[in-house]
Amino acid sequence: DLAPASLASEVMARLKDWTGRRWVVSVSSAPGEPTLRQQERADRDRALEDAAAHPLVQAILATFPGAKVKDIHHMPDTMPSEAAAGDVAAGLDGPPPAADPDAVTADEFGLDDGAPEDSGDE
């Protein structure tokens, strides 16, 4: 009852002017879906809640009283697993371990993944 009777025809005309295509618009008294902005905000709020509930984030929040999750940045899939979260949190207690000068790396053997190279002899 709040929309003027000419609303549908005005919206159709403007959409055709803007897009060059014919649109069909109808007025309904049924409630609509949330706006795209409302949906984005709800998705963001849900993502912040999920992030704050993660065990690693919980450990960080417990370490820094008053800290809050304010934003989310998506990282590559190389993040530590939940099992490693305790190891990461434990590492916050002191300096990082010194590198072993006698350690041999796969790079020294020209290997990419630590597996022996295929000689091609079959």
* salt bridge (Lys or Arg N to Asp or Glu O under 4.0 Å) partners for Asp71, two or more places apart -> Arg44

Mind listing the side-chain donor-acceptor pairs of residues 8-18 below 3.5 Å, one per line with the distance, residues two or more places apart or on another chain?
residue: Ser9; atom: OG; partner: Ser6; partner atom: O; Å: 3.0
residue: Glu10; atom: OE2; partner: Ser6; partner atom: OG; Å: 2.7

* Asked: Linking Ile, Leu, Val, Met, Phe, Trp and Tyr through side-chain heavy atoms less than 4.5 Å apart, which residues share a cluster with Val69?
  -> Leu48, Val57, Leu61, Ile72

Check residues 21-33 and write down every donor-acceptor pair under 3.5 Å in which the side-chain atom is one partner and the other belongs to a residue at least two apart or another chain.
residue: Trp23; atom: NE1; partner: Thr19; partner atom: OG1; Å: 2.9
residue: Ser28; atom: OG; partner: Ala30; partner atom: N; Å: 3.0

* Any pair with a residue in residues 47-68 that passes salt bridge (charged side-chain N to carboxylate O under 4.0 Å, His left out), sequence neighbours left out, goes on the list, sorted by first then second residue, please. => none

* Partners meeting side-chain hydrogen bond (donor to acceptor under 3.5 Å, both in side chains) with Arg46 (sequence neighbours left out) -> Asp43

